[in-house]
Amino acid sequence: MSRAFAQHFAITAARSVTIASFAVVAMMAVTVFSLANRAAAQKNPAEQISQLNREAVDNYNHLEFDGAREKLEKAEQLAHRYNVIGPAPARTQVTFGILEISQRNPQQGLERFVAALREDSAIQVDPLMANPEIEAVFARARQELVRRNRTLSAEPARVPGNIPHFPVHEQLVQVGVPVFLGVPENAPVEEIRIYYRGRNMSRFRRAVMEPMEGGFGFVVPCHVVVPPVLEYFLVAKDTEGKTRGYSGTSQQPVRVSVVNERSYPEPALPGHAPPSACDLQKCPPGSPGCLQLDAGQLGEPCDRDSDCRLGLLCEKNQCSPDEGQNNEQDFPKFYARAGLTTGFAYTTSSMYADDAPTGFSDTDVYLIEGSGACPDNGDGIVDYCVNLNAPGFVPTTALRITAGMYVFLRISVGVSIRYQFRAGEGPFSHTQYGVFTAYRLTKPRDEGLVLTTHVGTSIGQIQPQPPQAAGSKRPFIRSGLNGAQLGATVTYRFSRNLGAFVTPELQLQFPLFLPVIDVTFGVETSF
């Protein structure tokens with residue numbers, strides 16, 4: 001095979017790979033940005049549920065029952081997926097009940113009304129949709145809910161998780177909720193953390209449960225106990241701070257009904273009196289379930305979270321901001337990033353050009369191997385280097401797509417593609433494919449800064465184009481086809497699913513050596 005034919009074949013193959021690579025990049029970019037847009041659109045699921053409820057009512061009033069059912073099913077799915085509680089999902093159930101009764105399914109309507117009253121005990125049937133039959137079934141639903149509450153087993157059902165825990169059935173409004181977790185004395189548990197959230201809280205607040213005979217106990221502060229439910233989950237830590245178990249999760253928390261009238265005896269911690277009702281003005285310091293108005297300010301010393309004011313946590317014996325930590329096991333496991341990369345490649349006259357000179361005017365641009373700083377690689381083929389006036393950094397611009405998955409709590413693996421917009425000839429001249437492993441240095445959080453570091457390897461090229469004399473041909477520099485990467489990513493999360501990131505990275509191409517510093521800016525979505 002002649003050298004000319006081999007060069008032609010290589011160029012044709014490289015162009016084919018480039019076209020295919022560009023198609024892959026375009027498809028991945030569309031996917032990532034679609035996910036980002038969808039995550040942004042779902043930022044407030046409660047509003048979406050309310051909108052679907054209104055559309056379902058409009059369909060019902062126009063006798064479009066199938067359309068109404070479809071809207072209500074979507075609203076129900078959103079409430080389940082995002083754990084939305086309160087009036088919006090309760091209204092979905094009421095409208096569903098009316099729809100069932102109108103289609104001669106009174107028993108299904110009754111069950112829907114009972115579910116609505118469990119969500120929001122103050123919910124009512126819309127007078128514009130009511131009739132005597134619907135009002136009668138709704139009244140039966142109230143009686144049925146009371147009957148079911150009274151006939152439940154004295155022992156609540158177990159909750160999700162690998163730690164046995166039996167929550168209380170219910171608590172009165174503005175009365176502290178006692179939470180007890182039995183732990184054997186020989187269990188490798190140093191600390192039990194409780195994450196709780198009332199309806200008036202946008203995120204879970206963390207506290208450390210107090211050791212007591214037979215286990216650990218805590219009274220959720222009375223000021224957060226408001227209808228319809230209180231939510232919490234528990235995480236057990238050992239002496240090294242590692243998670244040994246959990247009961248409930250941030251997505252499927254324990255739920256305690258908050259009611260105006262009791263159906264069960266007053267709950268209490270073992271050996272303690274039942275919590276009393278809230279009086280925020282007269283709450284004595286140290287009383288369980290009270291809002292501590294005189295607790296530690298930001299930066300003041302502390303021994304436990306309860307020593308700090310609401311909104312602060314005790315970190316390293318100092319009151320620090322509560323960043324709303326989540327159960328790490330519930331944090332999204334998949335992520336994708338898309339961004340623009342500016343690379344700075346360090347070039348010298350010992351680096352090979354991607355093509356050969358075509359005329360006498362190119363002699364000042366190229367160095368034939370074995371002359372000057374251009375080494376002879378001894379492969380029997382004449383190669384050329386780029387003749388530079390002086391070594392230095394040369395910029396490149398590329399599109400970078402990354403996708404990864406967490407295989408452990410803090411360790412993820414992933415793949416990447418780097419597409420350089422302007423490059424020369426040769427295999428993978430425009431494209432670099434990579435694999436990497438990353439370690440998350442910070443705790444995962446829905447909002448704020450997250451820092452990761454990574455190492456990886458790649459196949460492909462980065463081709464800088466150093467400037468030459470005016471009017472001369474400007475060849476690109478070949479590199480690779482192998483590479484190694486070391487870098488870090490700083491992400492600022494706007495929400496659980498969307499953030500912006502910057503990634504500084506050192507790239508080393510070999511055996512055709514080329515050091516490159518890449519800096520990528522873009523958007524990240526997680527799911």
Side-chain angles (χ1 to χ4, degrees), residues 41-42 44-154 156-160 169-170 199 226-229 231 251-264:
Q42 293 176 343
N44 194 334
E47 291 183 3
Q48 292 185 68
I49 294 172
S50 298
Q51 178 62 31
L52 287 167
N53 289 341
R54 289 190 291 269
E55 293 175 3
V57 170
D58 185 65
N59 287 148
Y60 177 85
N61 291 334
H62 288 84
L63 304 182
E64 298 172 357
F65 296 146
D66 289 342
R69 185 177 294 275
E70 181 181 354
K71 300 295 193 308
L72 293 172
E73 288 175 348
K74 289 182 179 179
E76 194 173 35
Q77 292 168 1
L78 276 174
H80 178 73
R81 181 178 180 184
Y82 292 99
N83 199 35
V84 180
I85 60 174
R91 181 57 58 191
T92 299
Q93 296 300 324
V94 168
T95 307
F96 231 139
I98 294 172
L99 177 62
E100 295 289 5
I101 294 170
S102 69
Q103 294 188 311
R104 302 295 181 240
N105 298 314
Q107 185 59 38
Q108 288 89 332
L110 175 67
E111 295 298 331
R112 293 289 184 178
F113 286 160
V114 170
L117 290 166
R118 286 190 185 278
E119 283 286 348
D120 184 358
S121 60
I123 195 73
Q124 298 286 342
V125 175
D126 187 342
L128 298 179
M129 302 178 71
N131 60 39
E133 181 182 9
I134 291 172
E135 291 177 347
V137 175
F138 193 78
R140 282 179 51 205
R142 288 191 181 279
Q143 298 172 355
E144 180 67 13
L145 180 61
V146 173
R147 185 190 70 79
R148 292 181 186 182
N149 284 342
R150 291 184 183 279
T151 56
L152 284 174
S153 168
R158 293 178 183 269
V159 297
H169 284 293
E170 64 181 17
R199 182 180 173 184
V226 294
V229 294
E231 299 178 321
Q251 296 301 306
Q252 293 181 296
V254 178
R255 304 181 78 185
V256 177
S257 297
V258 180
V259 298
N260 293 312
E261 296 182 4
R262 291 192 187 279
S263 300
Y264 298 92

TODO: Flag the pair Ile123 / Leu117 as yes when at least one side-chain heavy-atom distance between them is below 4.5 Å, and no otherwise.
DONE: yes
Open item on the list: If you define the side chain from C-beta out and look only at heavy atoms, does anything of Phe65 sit under 4.5 Å from Asn59?
Closed with: no
Open item on the list: Looking only at side-chain N and O atoms, does Gln77 offer a donor or acceptor that is under 3.5 Å from a partner on Glu73?
Closed with: no
Task: Under 3.5 Å side-chain donor-acceptor pair for Gln107 and Glu100 - done: no
Open item on the list: Taking Val57's backbone N and O only, do any of them form a donor-acceptor pair with Asn61's side chain (distance below 3.5 Å, no angle check)?
Closed with: yes
Task: Heavy-atom pair of closest approach, residues Thr92 and Ala75 - done: OG1-CB, 3.7 Å
Task: Heavy-atom check, side chain of Gln103 versus side chain of Arg69, under 4.5 Å - done: yes
Task: Euclidean distance, Glu70 CD relative to Glu55 CD, rounded to 0.5 Å - done: 10.0 Å
Open item on the list: Can you give me the closest heavy-atom contact between Gln93 and Ala116, atom names plus distance?
Closed with: CB-CB, 3.6 Å
- [ ] Using a strict 4.0 Å threshold on nitrogen-to-oxygen distance, state whether Lys71 and Glu64 make a salt bridge.
- [x] no
Task: Exam field: side chain Asn53 to backbone Ala88, donor-acceptor pair closer than 3.5 Å - done: yes
Open item on the list: Any side-chain to backbone donor/acceptor pair from Glu170 onto Tyr264? Under 3.5 Å, distance only.
Closed with: yes
Open item on the list: Do Met129 and Ile134 make a side-chain contact, defined as non-hydrogen atoms from C-beta onward lying under 4.5 Å apart?
Closed with: no
Task: Inter-residue atom distance Arg91.CZ - Gln124.CD, 0.5 Å rounding - done: 8.5 Å
Task: Heavy-atom closest pair, residues Ala130 and Glu135 - done: CB-OE2, 3.7 Å
Task: Residue pair Phe113 / Val94: nearest heavy atoms and the distance that separates them - done: CE2-O, 3.4 Å
Task: Inter-residue atom distance Asp126.CG - Tyr60.OH, 0.5 Å rounding - done: 10.5 Å
TODO: Determine whether the side chains of Gln51 and Arg54 contain a donor N or O and an acceptor N or O closer than 3.5 Å.
DONE: yes
